[in-house]
2 protein chains.
Amino acid sequence: MLLSKTSEYGIRAMLHLAGVGGDEYVSVKKISETLDISFHFLTKIFQQLAKSGLIDSYRGPNGGVRISGSASKITVRAVVGALDGEDLFSKCVLGLPGCTKDHPCPLHEHWIKSRSAIEQMMSEKTLEDVGADLRAGGYRLKAGALWSED
Amino acid sequence: MLLSKTSEYGIRAMLHLAGVGGDEYVSVKKISETLDISFHFLTKIFQQLAKSGLIDSYRGPNGGVRISGSASKITVRAVVGALDGEDLFSKCVLGLPGCTKDHPCPLHEHWIKSRSAIEQMMSEKTLEDVGADLRAGGYRLKAGALWSED
DNA sequence: CCGTTTTAAGACAAGGATATCTTTTTTGTT
DNA sequence: AACAAAAAAGATATCCTTGTCTTAAAACGG
């Protein structure tokens with residue numbers, strides 16, 4: 001599996017916030033119900049994202065979470081980095097420590113190309129871009145329905 | 001992590017066999033010591049590879065494992081498929097079931113390109129190719145040393 | 001000041017991946 | 001036939017991810 005469940009859920013939740021737009025706080029409970037994700041698990045994911053500075057959180061009635069700063073400054077790449085760490089973008093495909101151009105595994109040259117392609121793909125996708133895509137329609141963030149039908 | 005430890009070890013072991021060349025049986029014990037991989041764990045991995053038809057095994061003195069058929073017909077892609085299954089090459093990056101061109105997640109179009117690039121990279125690497133690379137020198141299959149220094 | 005809503009934090013449970021150990025079966029050698 | 005070498009198979013242990021549950025802390029409204 002490329003991404004952990006933590007990252008899968010975290011990305012979906014962040015993209016959902018981007019689709020909602022604005023700077024209102026949205027409760028984690030609401031998000032978890034909308035996206036069919038375990039509430040308590042999602043809470044912990046947002047706590048990690050808060051520590052990484054990607055979201056703001058606020059307690060009490062009408063509290064919740066929101067994207068921190070501008071959605072145009074946050075990429076899917078940053079969400080994965082905050083939740084799964086840098087391994088996907090830095091480690092050897094065979095798990096060898098210190099696999100570099102000078103001390104390569106047999107797949108090194110080829111893997112770093114694929115790895116860079118993944119990183120670039122995730123880096124050029126900002127939350128703002130995806131939010132606009134979602135509002136334009138035709139995309140899904142959960143199993144059953146289109147985003148607009150959430 | 002892109003690949004499981006099972007696949008990481010399995011690929012390294014298969015590439016090692018390709019580097020050795022010939023159709024002699026090599027004992028799993030020897031391979032596990034050469035590559036610093038747990039013997040019992042590697043045994044189970046080879047059992048899976050045997051069931052998938054990628055290796056032959058033979059018991060008793062001078063027994064062991066060897067690549068089944070021609071090393072030019074087996075790719076890294078096939079090893080991953082046998083050990084980790086098809087998920088990496090078929091599933092949605094966000095884990096959504098039924099994520100297709102008609103019912104896409106917001107990353108679908110971009111992800112299938114990266115996914116295909118990975119699959120193609122692994123598909124064009126045959127064990128024979130890598131075996132030749134290893135014998136030519138300069139590559140590693142374990143943490144410390146070059147393959148020729150195994 | 002009290003009750004409600006919400007995130008924060010911690011404890012715990014289930015499951016799978018990883019790893020180790022033991023026993024069985026097959027094969028070759030003496 | 002007896003022994004040794006090696007894979008096959010099964011049992012068990014450890015760890016991390018995933019998921020659930022409970023309690024605490026913060027914020028708001030009456």
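All chains are named by letter (A, B, ...) in the order of the sequence lines, taking the proteins before the strands, and each is independently numbered beginning at 1. Only this structure's heavy atoms are used, side chains among them; waters, hydrogens and symmetry mates stay out. What you see is a predicted model; the values in this text were computed from it and never measured.
For the pair B:Val28 and A:Ser38, both in contact range of DNA chain D, the more 5′-proximal nearest nucleotide belongs to B:Val28.
Between B:Cys105 and A:Arg140, the closest side-chain pair of non-hydrogen atoms is not below 4.5 Å.
Between the P atom of C:dA13 and the NE2 atom of A:His40 lies a distance of 16 Å, rounded to the nearest Å. C:dG15 atom P lies 17 Å from atom CE of A:Met1, rounded to whole Å. Atoms CG (A:Leu42) and P (C:dT6) sit 15 Å apart, rounded to a whole Å. With rounding to whole Å, B:Asp84 atom CG is found 16 Å from C:dG16 atom P. What separates OH of B:Tyr25 from P of C:dT26 is a distance of 16 Å, to the nearest Å. For the pair B:Ile37 CD1 and C:dA17 P, the computed distance is 19 Å after rounding to whole Å. One can place CD of A:Gln48 at 16 Å from P of C:dT7, the figure rounded to the nearest angstrom. C:dA19 atom C1' lies 15 Å from atom CD of B:Glu8, rounded to whole Å.
Separating the CG atom in B:Leu15 from the NZ atom in B:Lys125 is a distance of 9.5 Å, to the nearest 0.5 Å. In this structure, CD on A:Glu149 lies 9.5 Å from NZ on A:Lys142, to the nearest 0.5 angstrom.
Listed pair B:Tyr58 / C:dG28 meets the phosphate criterion, a side-chain N or O lying under 4.0 Å from OP1 or OP2. Look at A:Ser27 and you won't find any side-chain N or O under 4.0 angstrom from OP1 or OP2 of C:dT6.
Looking at B:Glu128 and B:Lys73, no side-chain N of the basic residue comes within less than 4.0 Å of a carboxylate O on the acidic one, giving no salt bridge.
Listed nucleotides: C:dA19, C:dT7, C:dA9. Nearest to the side chain of B:Phe41: C:dA19.
On the nucleic acid side, DNA chain D contacts chain A at distances under 4.0 Å to non-hydrogen atoms, with the end points of that region at D:dT18 to D:dC28.
In the hydrophobic clustering, where aliphatic and aromatic side chains (Ile, Leu, Val, Met, Phe, Trp, Tyr) are joined below 4.5 Å either directly or transitively, B:Tyr25 groups with B:Tyr58.
A cation-pi arrangement is found for A:Arg77 relative to A:Phe89, the charged atom lying closer than 6.0 Å to the ring centre and inside a 45° cone about the ring normal.
Considering every non-hydrogen atom in both B:Ile45 and B:Thr6, the closest pair reads CD1-O, 3.7 Å.
Evaluation of atom-type donor-acceptor distances gives no pair under 3.5 Å for the side chain of A:Arg59 against the base of C:dT6.
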